[in-house]
Each structure stands twice: as C-alpha cells, then as structure tokens.
Amino acid sequence: MWQLHETAHPVLTDEGGAILSEQTGRWSYLTPTASAAVMILLASTTEAEAASQYAERYGISTEQAAADVRTVAGTLTAQGLAHDGRTPARRPRWKKGRP
C-alpha cells in the first residue's frame with residue numbers, strides 16, 4: 001500500500017497542496033489534480049483502486065487515470081516523501097551537529 005513517510009507532512013485540498021519534508025525542510029507543491037491523486041492514494045488499498053476512483057472523479061479513461069496516479073506516486077516516492085509499503089520506510093538521517 002502506497003503511503004507517505006512519517007517525516008512527510010501534507011497539506012492537501014481540492015485547490016492544490018504541498019508536502020513538507022522533515023528531512024530536507026523543503027516543500028513540494030502539488031497541482032489540484034496531483035493533490036487529489038494523493039488524497040485518493042492515501043484512502044485506497046491499491047494503486048488500481050486509486051486509479052479507478054481518479055478516473056471516475058475526472059471523467060477520464062482508466063488507462064489515463066492509472067498513468068496519472070502512477071506518475072504522482074512515483075514522483076513523490078523518488079523525492080523520498082512516500083513509499084510503496086513493500087520496501088521499508090527510510091529513517092531520517094540525523095547528522096551530528098558541531099557545538
């Protein structure tokens with residue numbers, strides 16, 4: 001099951017959204033459709049289920065919806081903000097600070 005890392009903090013709305021990474025301190029901004037894809041992914045048990053709901057919401061083909069959902073999921077996973085549940089979530093690497 002796809003999910004956000006515990007170090008990723010989302011702010012998601014129908015008008016768009018953003019996800020803050022604790023690891024980098026950076027925000028990743030989302031378009032309204034990407035934000036919807038994330039909300040649907042988080043509420044779904046499979047990517048296929050999410051694609052089906054996304055297709056229904058936007059009135060597009062299941063194939064196009066699957067590609068869109070896969071792109072959003074893959075991009076956020078590549079940025080270290082999410083994981084697919086099959087691989088262990090990365091723990092934050094805390095650097096030792098100098099006094």
Side-chain angles (χ1 to χ4, degrees):
M1 173 191 328
W2 186 88
Q3 55 191 321
L4 293 173
H5 281 287
E6 61 186 42
T7 60
H9 304 282
V11 178
L12 306 170
T13 70
D14 288 335
E15 288 81 36
I19 302 173
L20 174 63
S21 169
E22 259 182 42
Q23 294 177 336
T24 65
R26 293 185 178 155
W27 288 92
S28 293
Y29 295 96
L30 306 171
T31 64
T33 53
S35 181
V38 172
M39 287 189 278
I40 292 169
L41 276 162
L42 291 172
S44 301
T45 55
T46 66
E47 198 172 288
E49 179 185 332
S52 176
Q53 291 177 19
Y54 189 84
E56 185 176 324
R57 179 177 181 152
Y58 289 103
I60 59 176
S61 71
T62 304
E63 294 80 18
Q64 182 62 54
D68 292 352
V69 167
R70 193 170 35 254
T71 297
V72 170
T75 300
L76 294 177
T77 299
Q79 291 177 353
L81 296 170
H83 61 94
D84 62 11
R86 291 177 286 184
T87 56
R90 290 186 328 187
R91 299 249 178 210
R93 293 185 179 150
W94 299 102
K95 296 180 181 180
K96 289 186 178 182
R98 293 191 174 158

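Any value given below was found using the heavy atoms of this structure, including those in side chains, with hydrogens, waters and symmetry copies removed. All figures in this text were calculated on a predicted structure; none of them were measured in a lab.
Residues Ala66 and Ala51 come closest through the heavy atom pair CA-CB, 3.6 Å. Nearest heavy-atom pair across Glu49 and Ser44 is OE2-CA, 3.8 Å. The minimum heavy-atom distance linking Gln3 with Leu42 is given by the pair CA-CD2, 4.2 Å. For the pair Ser21 and Leu81, the tightest heavy-atom approach, listed with the atom from each and the gap, is CB-CD2, 3.5 Å.
A donor-acceptor pair is defined here as one N or O able to donate and one able to accept, closer than 3.5 Å; no such pair exists between the side chain of Ser35 and the backbone of Leu12. Using modelled atom types, one side-chain atom of Thr71 and one backbone atom of Ala67 make a donor-acceptor pair closer than 3.5 Å.
Under the 4.5 Å side-chain criterion, counting only non-hydrogen atoms from C-beta, Val72 is in contact with Val38. At least one side-chain heavy atom of Tyr54 sits less than 4.5 Å from a side-chain heavy atom of Thr33.
At most 12 heavy atoms of other shown residues, nucleotides or ligands fall within 6.0 angstrom of atom CD in Glu56.
Atom-to-atom distance recorded for Thr46:OG1 and Trp2:CH2 is 13.5 Å, nearest 0.5 angstrom. Note: Asp68 CG to Tyr58 OH = 10.0 Å, rounded to the nearest 0.5 Å. For the atom pair CD1 of Ile19 and CG of Leu30, the computed distance is 5.0 Å after rounding to the nearest 0.5 Å. Of the inter-residue distances, the one linking Arg26 atom CZ with Leu20 atom CG reads 11.5 Å to the nearest 0.5 angstrom. The structure places CD of Gln79 at 11.0 Å from NE2 of His5, a figure rounded to the nearest 0.5 Å. Put simply, CG on Leu41 and CZ on Arg70 are 11.5 Å apart, with the number rounded to the nearest 0.5 Å.
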- Let me see the working for Val69 and Ile40 under side-chain contact (heavy atoms from CB on, under 4.5 Å), right down to the final yes or no. CA-CA 9 Å; Val69 167; Ile40 292 169; over 6 Å; no
